Colleague: 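After the structure tokens below, expect a handful of questions from me.
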Amino acid sequence: MAQLLTEQEQIRRESLNELLALGINPYPANEFEVNVTTREIHENYPEKNTYPEVSIAGRIMSRRIMGAASFIELQDSTGRIQCYFKRDEICPGEDKTLYNTVFKRLLDIGDIIGLKGYVFITQMGETTIHVTSYVLLTKSLKPLPIVKEKDDKVYDAFTDPDLRYRQRYVDLIVNPQVKNTFVLRTKMVNSIREFLNTKGYLEVETPILQPLYGGAAARPFTTHHNALDMTLYLRIANELYLKRLIVGGFDGVYEFSKDFRNEGMDRFHNPEFTQIELYVAYKDYDWMMNLVEEMIEKVAIDMHGTTVVKVGEHEIDFKRPWKRYTMFEIIRHFTGIDISGMNEDELRTVAAQLQVPVDPTMAKGKIIDQIFGEKCEPNLIQPTFITDYPVEMSPLAKKHRTKEGLVERFEAICNGKELCNSFSELNDPIDQRKRFEDQLELGKRGDEESMTLDEDFLRAIEYGMPPTAGLGIGIDRLAMIMTNSNSIQDVLFFPQMRPEKAKAFHKADDFTAIGVPQVWADHLPKAGFASIDDLKKAKPTQVHQILNGYRKKNKLEIPALTLNEVEIWFGS
RNA sequence: GAUUCAGUAGCUCAGUCGGUAGAGCAACGGCCUUUUAAGCCGUGGGUCCUGGGUUCGAGUCCCAGCUGGAUCACCA
């Protein structure tokens, strides 16, 4: 199957064939030894090392050819460096092919080469590798977008989000700050892992395919296991499995969990995303708040060397301690209304008064959450703990030790969004069963995201789960804040996209098989006939006219077709 | 799901009132031995997202669709 090639792609394939004819393997198998990176050269030359013999590999990102001398920019995983090629050094003898033909004509931007040489500084003051020999390591057959830069100003930037996300590899090649975002993300995850490991907690793995989905309120993805002939769900959370492990006797467990939720997509939501969940026995939510502060402060310092992170227009300071308000306090703070002790009808009146939209399926807890989400959350920029949520919206959290109708739960809000969610975990199996049953009632009332009843989980906590503090942090959300990214797609290598429309493919062989001469077979797709089906949808007379018109337009030096010839293709 | 903006050369984009499709970079052919968004001369490159409609004539106007962005809704 051949794809329609652009002019530039055809030229690159011709270059490839010329290289082969010269005995140059465009995809050699042998190792190319690299003894330095571009970053090391820039950091150390000439104070710490003069680099008399470098051996380095990377991708050609730009070329400036001036007769018998040339400059290229070579890009490796750490950055770019300029390289100087001089014809008579690349080709010391009579034969100048390796410079004149191979380097100047057959290599392209995007090709990967290995080179040896020494480092010097040009008259313009740029650290440069003086190349003494080079070898082609990989020929690139597709032209890259050309991004140019001067004085930190970027020209012709590769910005189309559709292309950037679908072809992340290209995005990574030409947009260096993209690579940096993902390096930072990994640093962030490592920082959290290191923090928790130092505390002695155990990193574990629990099922992604679950017979019942639980631990959160969301619609799941559904799949089927053939051998067991049963429905399985991709997990929406791992909470209930980690708690089973606490029952089993681990004091602290955590998991970086890919979770899946079958819901809308926008700049804060991707159908698959990452959370970390942590459960620690014999602790409560007050203790967990202190841990979160300590951990996120450390993460900021590990990533940026400071607790202050620039996010959009804001500077967010993760330095401990963070502000703490109860849910009722913060609502009173932003609305002036004290809703503590109100019943459902009174809350509806308040919501109407505040112009907060509510609907009849919402119970008391959801209305309070709606008021909070509308009137408070967007205004909380600096990291802030909100504590003591209504019991109705927290079916897995323990009832508050003193406050009726509330649970021991907190969220940290930052930049107007939830950063984490935590509670003193409910370990009373009788209360837990009742809460699940209340959820089933909500489900009947029309709430599509109410939780299901998990008998095995209830059995586990009937054996006894110690008092436990639990925590969930949205890793993608945290990465967005910590890398100053505006969209979740910018912190996921391969965000979910609609499938690409299939491009026109054709087989020249198919056309020749029905009697189309080779010279015409190559042109048919360009003339508008991507496949045999396309061709046969038209009438022979039309095809005859279109092709001869195409021949004239493109000044093809092949004889004009006769109608008779075309009719033969149609097998008449 | 709603509203709205966008889709033109490999990339970034222009395209006036509806009248033969343009620029820069990239590519190709020249010149050029420390240049740097290299420069100079020349050449080629287009399913103007797709399909209908209006019109003598559509990249441009109208309708429908596709893809993406933004905002909203949904999503603790």
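Because the structure is predicted, anything quoted here is derived from the model rather than measured. Numbers restart at 1 for each chain; the letters A, B, ... are given by sequence-line order, proteins then strands.
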Colleague: Strictly below 4.0 Å, N to O, side chains only: are A/R435 and A/D431 in salt-bridge contact?
Modeller: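 Counted as a salt bridge, because a side-chain N and a carboxylate O are separated by less than 4.0 Å.
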Colleague: Which ones in residues 470-478 of chain A lie close to RNA chain B, meaning a heavy atom under 4.0 Å from one of its atoms?
Modeller: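 Those residues whose heavy atoms fall under 4.0 Å from RNA chain B, taken from residues 470-478 of chain A, amount to none.
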Colleague: The side chain of A/D108 lies closest to which of these nucleotides: B/U12, B/A27, B/U33?
Modeller: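 Of the candidates, B/A27 comes closest.
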Colleague: Counting heavy atoms from C-beta on, name the nucleotide in B/C11, B/U67, B/G69 closest to the side chain of A/P145.
Modeller: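 When the side chain of A/P145 is considered, B/C11 is the closest of B/C11, B/U67, B/G69.
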Colleague: Checking all strands, does A/R498 fall into the base, sugar-phosphate, or nothing category for heavy-atom contacts under 4.0 angstrom?
Modeller: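 Contact class for A/R498: sugar-phosphate only.
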Colleague: Given B/U67, B/U12, B/U34, identify the nucleotide with an atom nearest to the side chain of A/F158.
Modeller: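 For the A/F158 side chain, the nearest candidate turns out to be B/U12.
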Colleague: Pair up each side-chain donor or acceptor in residues 489-499 of chain A with any protein partner under 3.5 Å, not counting sequence neighbours, and list the distances.
Modeller:
from   : atom 1 : to     : atom 2 : distance (Å)
A/Q489 : NE2    : A/S487 : OG     : 3.4
A/D490 : OD1    : A/Y165 : OH     : 2.9

Colleague: Could you tell me whether the side chain of A/Q8 has a donor or acceptor atom within less than 3.5 Å of a complementary atom in the base of B/A26?
Modeller: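 Counting by modelled atom types and ignoring angles, a donor-acceptor contact under 3.5 Å is found here.
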Colleague: Residues two or more places apart in sequence or in another chain: which of them pass side-chain hydrogen bond (donor to acceptor under 3.5 Å, both in side chains) with A/N175?
Modeller: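 Testing A/N175 for side-chain hydrogen bond (donor to acceptor under 3.5 Å, both in side chains), a comparison that skips the adjacent residues, returns A/D171.
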Colleague: Please state whether the rings of A/F372 and A/Y389 are parallel, tilted or perpendicular, taking 30° and 60° as the class boundaries.
Modeller: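 Perpendicular.
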Colleague: Which listed nucleotide (B/A26, B/G24, B/C28) is nearest to the side chain of A/D156?
Modeller: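 That would be B/G24.
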Colleague: Would you kindly check whether a donor in the side chain of A/Q82 faces an acceptor in the base of B/U35, or vice versa, at under 3.5 angstrom?
Modeller: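 Such a pair exists between side chain and base.
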Colleague: Using both distances under 3.5 Å as the test, list the Watson-Crick or G-U wobble partner of B/G24, or none.
Modeller: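 Check on B/G24: paired to B/C11, both distances under 3.5 Å.
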Colleague: Pairing check on B/U4: which nucleotide meets the Watson-Crick or G-U wobble criteria with it, both distances under 3.5 Å?
Modeller: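 Because both required distances fall under 3.5 Å, B/U4 counts as paired with B/G69.
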Colleague: Does the structure show a Watson-Crick or G-U wobble partner for B/C74, both distances under 3.5 Å? Name it, or say none.
Modeller: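 No nucleotide pairs with B/C74.
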Colleague: What is the pairing partner of B/C61, taking Watson-Crick or G-U wobble pairs with both distances under 3.5 Å in any strand?
Modeller: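 Looking at the geometry, B/C61 pairs with B/G53.
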Colleague: When you get a sec, tell me which of B/A26, B/A73, B/U33 is the closest nucleotide to the side chain of A/D266?
Modeller: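 When the side chain of A/D266 is considered, B/A73 is the closest of B/A26, B/A73, B/U33.
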